[in-house]
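In what follows, residues are counted from 1 in the order of the sequence shown. Every number for a ligand or one of its atoms is a count from 1 in the order of the listing.
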Amino acid sequence: MRKAVFLDRDGLINRQAAPHHYISEPEDFEILPGVPEAIRRLNDAGYLAIIVTNQRGVALGMMTLEQVEHVHDYLRRELGKCGAHIDAIYVCPHAQGECTCRKPDIGLFLMAERDFDVDKGRSWMVGDSDTDVEAGKRYGVRSILTKSLSHAVNLILAEESI
Ligand SMILES: [Mg+2]
Ligand SMILES: [Zn+2]
């Protein structure tokens, strides 16, 4: 079994878009300071790094799933330059109330469970909004509400060393 850290995307890994704006191009995707290093620390400590992200801009017709994938290819390349990697990215492209994967529902976590043997007792959810914490709680992992991934990784690694 593998321990995992589930990561929100917007507002944690990259700068949040302005209200009613959606990040459809790599040019609009600004990775926040310290994020690649923080993800590398998770990689080195043996955690799966798994992004779970709501992207309802797809359902609203503001961007395509293909554009979202391009943005994620860019993220993976940038992380790779720092020796960091994401193990998987699960996206909810649906509008509110139309699926069971939009956080705070836990469908994205269950998709991850299909692909990885997740050890929930040693896993975490990190995000910058209440819906992230709610999703983590519903799924059954410890959750951290923060805008600083480095801060969250400090907490996770400190907890492990106790
Ligand atoms: Mg967020
Ligand atoms: Zn969904």
Side-chain angles (χ1 to χ4, degrees), residues 4-42 47-76 78-79 84-116 118 120 123-156:
V5 178
F6 293 91
L7 303 164
D8 175 44
R9 199 195 82 177
D10 300 324
L12 183 73
I13 288 177
N14 57 285
R15 198 172 299 286
Q16 184 83 43
H20 308 299
H21 284 71
Y22 296 89
I23 297 167
S24 57
E25 309 293 336
E27 297 81 66
D28 301 327
F29 192 86
E30 184 188 343
I31 297 172
L32 291 167
V35 162
E37 295 78 7
I39 291 174
R40 194 179 59 213
R41 289 169 68 206
L42 291 177
Y47 285 91
L48 292 166
I50 299 174
I51 294 177
V52 284
T53 179
N54 291 347
Q55 295 299 329
R56 72 169 167 175
V58 175
L60 298 176
M62 307 298 292
M63 57 188 178
T64 65
L65 207 44
E66 192 176 36
Q67 285 177 303
V68 175
E69 295 300 332
H70 282 153
V71 167
H72 290 164
D73 289 343
Y74 168 77
L75 169 63
R76 289 177 189 280
E78 291 302 305
L79 292 177
H85 74 271
I86 294 293
D87 292 282
I89 303 177
Y90 299 95
V91 178
C92 168
H94 309 114
Q96 209 158 1
E98 290 185 351
C99 69
T100 55
C101 58
R102 184 176 167 81
K103 294 175 292 181
D105 280 328
I106 63 167
L108 299 178
F109 297 77
L110 299 180
M111 286 180 214
E113 269 198 354
R114 282 202 316 242
D115 297 334
F116 300 97
V118 177
K120 282 162 76 166
S123 296
W124 299 77
M125 170 69 201
V126 182
D128 72 327
S129 73
D130 292 337
T131 52
D132 296 314
V133 171
E134 177 64 25
K137 277 188 186 152
R138 287 188 194 178
Y139 176 58
V141 293
R142 288 164 289 179
S143 301
I144 299 171
L145 179 66
T146 183
K147 291 185 185 301
S148 164
L149 182 55
S150 326
H151 172 68
V153 170
N154 288 344
L155 291 176
I156 290 167

Item to check | Which atom of His94 approaches the Zn ion (ligand 2) most closely (N/O/S) | outcome: ND1
Checklist entry - Would one find an N, O or S atom of Asp128, in either backbone or side chain, under 2.8 Å from the Mg ion (ligand 1)? => result yes
Item to check | N/O donor-acceptor pair under 3.5 Å between Asn54 side chain and Lys103 backbone | outcome: yes
Checklist outcome for this item: Here the vertex angle at the Zn ion (ligand 2) for SG of Cys92 and SG of Cys101, given to 10°, is 110°
Checklist entry - Are Phe29 and His70 side-chain neighbours, meaning at least one heavy-atom pair lies under 4.5 Å? => result no
Item to check | Metal-centred angle, O of Asp10 through the Mg ion (ligand 1) to OD2 of Asp8, rounded to 10 degrees | outcome: 90°
Checklist entry - Would you call Glu134-Arg138 a salt bridge at under 4.0 Å N-O? => result yes
Next on the checklist: Quick one about Glu66 and Thr64 (side-chain donor to acceptor, distance below 3.5 Å, no hydrogens or angles considered), yes or no?
Outcome noted: no
